[in-house]
Amino acid sequence: VVHSPITTLTMALPDADAKALIQAGVLALRSGDAMAARRAFERVVAAGRADVAVLLSLAHACGASGDTAAALAAVDAALAREPRNLRALM
């Protein structure tokens, strides 16, 4: 069964943990570890703590790991929140 990062069940995640996961995801992307970044961002999304920046970072991680469908789903979720977001529209 394939789960979209956008439709995963919501789980509790304290602010500090969400921030740590976001930072870990960004660092993983910078170091070229797209899968680790994706896992970190997906946990933030699953907890309902993702903003548009996190969704776009997830899209980048998914695209870098070769999962175009998940990347597009993350971009769609970002655009649903901010339809005129220039980063998401590009």
Side-chain angles (χ1 to χ4, degrees):
V1 173
V2 176
H3 295 283
S4 166
I6 307 308
T7 59
T8 307
L9 294 176
T10 301
M11 301 177 296
L13 187 68
D15 281 344
D17 291 346
K19 289 177 184 176
L21 282 169
I22 293 166
Q23 184 174 3
V26 169
L27 292 173
L29 270 179
R30 287 183 182 160
S31 70
D33 190 349
M35 290 305 296
R38 180 178 177 168
R39 286 189 299 272
F41 296 133
E42 284 178 339
R43 287 186 59 199
V44 176
V45 171
R49 306 300 300 252
D51 59 12
V52 170
V54 170
L55 291 168
L56 293 176
S57 294
L58 174 60
H60 181 77
C62 290
S65 64
D67 190 344
T68 304
L72 291 174
V75 170
D76 286 344
L79 287 170
R81 292 184 186 190
E82 289 184 21
R84 295 180 185 217
N85 185 292
L86 292 178
R87 283 185 60 213
L89 290 169
M90 298 172 90

What are the two closest non-hydrogen atoms of [X] and [Y], and how far apart are they?
{"X": "A28", "Y": "A37", "value": "CB-N, 3.6 Å"}
{"X": "C62", "Y": "A71", "value": "CB-N, 3.6 Å"}
{"X": "P83", "Y": "A80", "value": "CD-O, 4.4 Å"}
{"X": "F41", "Y": "V26", "value": "CZ-N, 3.6 Å"}

Q: Please determine which of V45, V75, V44 meets the side-chain contact (heavy atoms from CB on, under 4.5 Å) test together with L55.
A: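 That would be V45; it is the only one of V45, V75, V44 passing the side-chain contact (heavy atoms from CB on, under 4.5 Å) with L55.
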**Q.** Interatomic distance, L79 atom CG to R84 atom CZ [nearest 0.5 angstrom]
**A.**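 So the gap between those two atoms works out to 12.0 Å.
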Q) Hey, what do you get for CG (D17) to CZ (R43), rounding to the nearest 0.5 Å? A)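 CZ of R43 is found 7.5 Å from CG of D17.
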(Q) Assigning hydrophobic clusters by single linkage (Ile, Leu, Val, Met, Phe, Trp, Tyr; side-chain heavy-atom cutoff under 4.5 Å), is L29 placed with L56? (A)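 In one cluster: no.
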Q | Side-chain ion pair, R38 and D67, N-O less than 4.0 Å | A |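 A salt bridge links R38 with D67.
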Q) What residues, two or more places apart in sequence or in another chain, satisfy side-chain contact (heavy atoms from CB on, under 4.5 Å) together with T68? A)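 Result, side-chain contact (heavy atoms from CB on, under 4.5 Å) vs T68: L72.
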Q: Kindly write out the residues that satisfy side-chain hydrogen bond (donor to acceptor under 3.5 Å, both in side chains) with N85, not counting sequence neighbours, or none if the list is empty.
A: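 Only E82 meet the side-chain hydrogen bond (donor to acceptor under 3.5 Å, both in side chains) criterion with N85.
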